[in-house]
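Okay, structure first, notes after.
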Amino acid sequence: MDKKNSGNHRLLLELDHVSVGFPIGKREISVVTREVSFQVCEGEALGIVGESGSGKSVSMLAALGLLGNGGHVVSGNIRFYPEKEQCLVLNQFTEKQLCEIRGDDISMIFQEPMTSLNPVMTIGQQVEEMLVLHGNCPKEERRSKVLSMLSEAGLPDTEAMYGKYPHELSGGMRQRVMIAMAMICRPKLLIADEPTTALDVTIQAKILKLLKKFQKQYGTTIILISHDLGVIRNVCSRAVVMCAGEVVEQGNVETLFENPEKEYTKRLLAAALGKGGILRRENAPQENIIVKARDYSVYYEEREEQLFRQDETVKQEEEAEKVENQKSELEQTIEPKEIQNNLSKKAEIQKENRQESESELEQPIEPKEIQNNLSKKAESQKENRQESESELKQPTAQRKNQRYKIEMLKRRFRQFLSGKTKRRIVNKVSFDVYAGEIVGIVGESGCGKSTLAKAVAGLNPLTEGELYLDCKQPQMVFQDPYGSLNPSKTIGWLLTEPLRLKHCGTKEEQRKAVEQMLEKVGLGKEYYHRYPNTLSGGQRQRVAIAMAIMLKQKLIVLDEPVSALDVTVQEQILILLVELQKEFGLSYLFISHDMNVIHRICDRVFVMYQGEIVEKGNTDAVFENPQHEYTKKLLSARL
Amino acid sequence: MRYYVKKIVSLIMVLFLIMLLTFIAFQVIPGDGAISRLGVDATDEEVEALREALGLNRSLPERFFSFLGGAVHGDFGKSYQYSKPVSELLTARLPATVGLAAISIILILVISVPLGLLCSRKEGGAADRAVTILTQTLMAVPAFFLGIIITLVFGLILKWFQIGGYIDPKVNFTGFLQYMIFPAAAVAVPKIAMTVKFLKTSVLRELKLDYVRTARSKGNTERVVLWRHVLKNALIPVITFMGMVIADVLAGSIVIEQVFNLPGVGRLLVVAIGNRDYPVVEAVVVYIAAVVLIVNFIVDLLYQKVDPRVRMR
Amino acid sequence: MKKQNQKNWSLIFGIVLVSIVCVFAFVGLFWTPYEPTAMSILKNKPPSFAHPFGTDNLGRDILSRVMDGASTTFLISVITVTIGLVAGTVVGAFTGYYGGIIDELLMRLNDTLTSFPSILLALVFVSVIGTGKYNIILALGVIFIPSFARVVRSEYIVQKELDYVRNAKLLGAGDLRIMFVHILPNTKPILLSSLTIGFNNAILAEAGMSYLSLGVQPPDASLGEMLSNAQTYLLNAPWFALAPGLMIVFTVLGFSLISENLK
């Protein structure tokens with residue numbers, strides 16, 4: 001299968017029927033991966049793909065002796081060929097020998113950039129440590145070497161960066177630091193364990209680009225471990241598919257993704273690449289408005305100390321982008337410069353807008369058909385609103401300034417007393433949701449989509465502007481199925497609670513209704529007496545959905561309902577959601593960062609960026625012909 | 001800078017609050033100082049004269065501010081019992097208490113930090129298990145019972161020290177140290193056990209974090225990972241814990257002074273409570289409160305020095 | 001496995017210790033071999049069949065006094081911890097759930113109070129309200145409120161931000177129902193462990209106070225008061241000090257072993 005690769009290149013790492021196990025008790029060993037075999041050639045990029053718990057990173061960690069809890073290679077060999085004619089059997093190495101390999105010949109990047117760096121050491125110290133440990137770099141040269149490495153990794157203002165602590169950086173920046181650290185000794189092999197999973201898509205794309213750059217520039221071999229097939233496809237030439245501790249299939253990425261042989265790979269691909277088919281209906285009804293928001297702003301109160309803010313992330317990314325753009329001008333690489341520059345300019349403008357509270361409202365781009373459907377009442381209100389707005393514009397600059405000062409003083413005082421500040425998260429958005437449709441809100445973390453969702457459900461009282469709901473209290477389904485169910489109650493108790501609170505029926509009737517609902521969400525009566533911690537993530541999400549529709553309320557707000565789930569489970573939950581929507585005639589406000597999911601399930605989509613809705617329209621229209629730069633960027637980052 | 005100002009302002013505010021609470025507490029006592037001093041048989045005229053002399057017949061706020069003003073200058077009035085200025089009594093008793101606390105704290109630091117690290121490095125080893133059992137048991141021994149056992153074993157049976165033979169440090173400093181080491185041990189041992197356990201938990205918790213894996217993946221040996229990467233992180237919560245321990249040491253010394261018959265502030269307090277000598281009680285309470293608050297203040301500053309994440313605020 | 005065994009073993013040891021002590025204290029409430037205050041001419045006698053723990057300076061049976069003292073100490077501790085727990089939970093639940101200025105002020109005060117050793121606060125209390133069994137209960141009970149309130153409050157601050165609470169709000173549950181029906185059961189683990197720690201602190205504080213003769217007053221027996229008497233006769237009758245002292249050690253050790261394993 002890999003004749004082509006091994007023919008052209010030299011073998012670098014070879015896993016030969018490797019099984020990894022963890023000891024349980026004195027004699028027993030629980031084996032987590034069985035007979036894993038694959039090879040990596042010098043200079044290539046290999047992807048290992050699989051769902052959580054498939055054991056995809058275990059063999060790599062075992063190779064370096066980093067498993068912890070006594071995990072080790074039970075049988076088989078891991079051979080590493082750093083030079084010609086040199087064969088190191090890593091699983092037979094002592095800890096001391098491994099220490100020499102780690103970081104020098106083989107280095108690693110991990111998933112969580114937020115926690116993978118030592119919080120009490122500066123960035124510079126941590127990168128420099130690599131030089132102290134490996135390589136005989138004289139003391140005087142270390143600093144300059146670190147600085148040039150940092151700038152190679154796309155970090156802006158390296159001098160200042162050297163003395164910064166990890167908590168002062170955004171996730172993307174930290175991951176760049178990790179990469180700089182991993183690459184500074186020019187390792188032969190770089191193992192990247194889910195390097196972009198915790199990052200937003202646009203940042204994800206940049207990090208992957210950086211990895212590819214290093215691979216090309218230094219001929220570094222990369223093993224990329226990821227659950228995301230898009231990421232694998234982007235970077236790797238070959239891939240290994242793993243499931244339940246075994247290799248299911250391996251081969252060339254193109255052939256593997258075009259013509260998967262095994263059923264599991266097919267399912268994984270179908271779910272991940274959005275090829276599972278469109279789940280939504282052709283024509284969603286657009287008759288009765290169920291949610292109407294006009295100039296709706298949402299504020300959030302936070303403690304002063306919660307230092308790391310999304311706007312800082314944006315700022316850092318922009319700076320890095322500038323540096324990169326300058327570089328790419330020199331290097332002449334292909335880069336849609338205009339778009340990025342435009343985007344950063346736009347971002348700056350938006351930021352200014354936000355600071356001035358009485359700035360002009362950007363007229364939202366709204367499809368004509370929808371506007372026609374607006375009721376007369378809404379129109380008259382719109383006029384009123386415009387009038388009042390023009391009144392607001394009246395105050396002179398001086399008065400504005402004074403008011404600003406007083407406002408600041410007040411704020412200072414409040415801050416001093418409570419240590420809290422109020423920040424605007426969602427900035428004057430206007431939109432409608434029709435009864436019976438699924439509307440998606442898409443955007444990256446910190447864009448305000450979740451805050452907006454919670455505000456619509458009535459969970460955030462700090463709002464401004466108008467919001468009309470033509471329904472009873474909306475219900476919500478949250479992202480984390482572990483936090484949304486009270487761990488100390490049984491499933492039955494939880495599902496009965498809404499009925500109990502509304503005094504619906506006798507106890508018998510309530511129990512019957514709950515059992516019916518359990519059947520409906522595909523769980524069955526036997527779950528009545530179970531506790532949430534005995535359920536899997538997917539099952540919990542089913543319970544959460546059941547809870548949300550228990551009272552038959554028409555509007556359900558779903559806040560990233562499938563993001564915490566594996567792709568195959570995602571699929572099932574999405575199908576369930578669509579089924580329920582049809583059966584009960586529900587309306588969904590569906591929040592997600594995942595363009596694929598949005599594409600499959602939503603009738604219309606709103607794109608949010610830095611607290612504003614920058615684009616809205618029918619899903620097909622937005623996906624096929626995006627108008628806003630940001631939407632284009634999001635779509636291009638997909639896959 | 002703003003951080004320091006904020007901290008100092010809140011320190012002063014809390015101190016003021018404590019003085020106010022202490023003052024109010026001793027105003028609600030049924031029967032005032034004059035009666036308790038003269039006894040119930042005293043005539044009204046006698047009581048009235050004494051009240052006049054002690055300034056008890058002034059209004060409450062007036063008395064509070066004179067108390068406050070005095071306290072700022074270190075003047076807490078006169079003791080009912082000894083007819084001496086309270087500040088004089090307090091200064092006379094300070095050496096024993098300060099010495100006891102200082103020696104205990106040094107003992108705690110010197111013994112518990114290396115021991116805690118030793119245990120967490122070889123977790124599950126024989127030394128670790130022995131220390132775990134020992135710390136678990138010693139944590140359960142109240143300081144005054146430990147003091148009694150030390151008196152019995154080292155004082156009565158081995159005769160390493162003279163019971164009740166406190167030596168003034170101004171007279172013979174080594175003799176003072178030789179004697180003080182025993183009460184200090186009684187105060188320190190349970191706290192050492194607690195600190196070892198806390199440090200061990202802290203190190204083990206840190207060892208599970210992602211950055212440790214990063215440090216290992218860089219090629220650091222296990223020892224370097226522990227000393228260079230984990231230790232500083234693990235010590236951050238220990239600083240706060242030590243603040244609590246120091247406050248506890250002060251409290252523990254109140255009882256231990258009783259056990260070893262030391263002429264310290266704690267004994268002054270206990271005797272004063274027994275005799276209803278309120279000016280003395282007030283002064284000692286304010287004194288201990290001030291010390292505890294200042295210790296906490298220093299802990300905050302240290303914390304802020306060690307943890308860069310706090311520095312930002 | 002090894003670790004698990006070790007854990008089980010220490011849990012069993014803890015339970016054994018606590019049950020022994022509890023039996024002593026419980027039986028001591030109703031029956032003791034001798035009248036705890038009955039004096040005899042057998043003064044400072046070492047342990048024998050008639051007096052398993054020996055006799056004290058007034059010829060009283062130490063076993064009987066330890067049983068009586070343990071039950072007094074236990075009773076005081078149980079009541080004080082209950083006061084602290086109930087009041088602390090209510091205060092912590094309300095301040096943690098609602099937040100706001102009152103919460104800020106209360107917690108500033110609370111932080112200050114909890115940074116002081118409980119025995120010092122108890123001494124201040126006693127010097128104001130006087131000594132004796134009931135005053136000790138009142139003093140310690142009030143002193144334990146802040147520490148429980150602090151624990152409960154921080155738990156509520158974490159829990160109220162969890163999605164299940166949001167869910168309950170959306171379903172229309174009232175604040176009181178959310179606080180005491182939805183959230184309270186989830187604070188059980190942390191409450192249990194602070195309960196055992198609080199109980200130990202109460203025992204130590206009571207013993208310390210009585211040792212300083214500022215707690216339970218003679219002729220009532222209490223473990224601390226016995227130790228204070230025993231110190232005078234340390235050389236002649238070491239058992240006099242050992243019996244009540246070990247009783248305290250066993251209790252505290254037992255409870256801390258159990259709380260350790262509850263985590």
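Chain letters run A, B, ... following the sequence lines, proteins first and then strands; every chain starts at 1.
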Using a 4.5 Å cut-off on heavy atoms from C-beta on, say whether the side chain of A:Ser488 contacts that of C:Lys188.
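The answer is no; the side chains never approach within 4.5 Å.
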
Determine whether C:Val181 and A:Lys489 make a side-chain contact, defined as any pair of heavy atoms from C-beta on separated by less than 4.5 Å.
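When only atoms from C-beta onward are counted, A:Lys489 and C:Val181 do touch, with a gap below 4.5 Å.
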
Which answer fits [X], side chain, backbone, both or neither, if we ask what part of it has an atom under 4.5 Å from a heavy atom of chain C?
| X | result |
| --- | --- |
| A:Gln473 | side chain |
| A:Pro474 | backbone |
| A:Leu485 | backbone |

Is any residue of residues 165-176 of chain C within less than 4.5 Å of chain A by heavy atoms, and which ones?
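Residues in range: C:Arg166, C:Asn167, C:Lys169, C:Leu170, C:Leu171, C:Gly172, C:Ala173.
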
Tell me whether the count of non-hydrogen atoms from other residues, nucleotides or ligands lying under 6.0 Å of [atom1] in [X] goes above 12.
| X | atom1 | result |
| --- | --- | --- |
| C:Phe250 | CZ | no |
| A:Tyr482 | OH | yes |
| C:Leu192 | CG | yes |
| C:Phe180 | CZ | yes |
| A:Phe22 | CZ | yes |

Between C:Asn186, C:Asp103, C:Asp163, which has the largest tally of heavy atom pairs under 4.5 Å with chain A?
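Of C:Asn186, C:Asp103, C:Asp163, C:Asp163 has the most heavy-atom pairs under 4.5 Å with chain A.
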
Contact leader toward chain C among A:Lys502, A:Met476, A:Glu497, where contacts are heavy-atom pairs under 4.5 Å
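Top option by heavy-atom pairs under 4.5 Å: A:Glu497.
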
When you measure from the side chain of A:Asn486 to the backbone N and O of C:Tyr164, does any donor-acceptor pair fall under 3.5 Å?
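Side chain of A:Asn486 to backbone of C:Tyr164: no pair is present.
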
A:Phe478 and C:Leu162: side-chain contact (heavy atoms from CB on, under 4.5 Å), yes or no, with the steps?
CA-CA 10 Å; A:Phe478 297 91; C:Leu162 291 181; over 6 Å; no

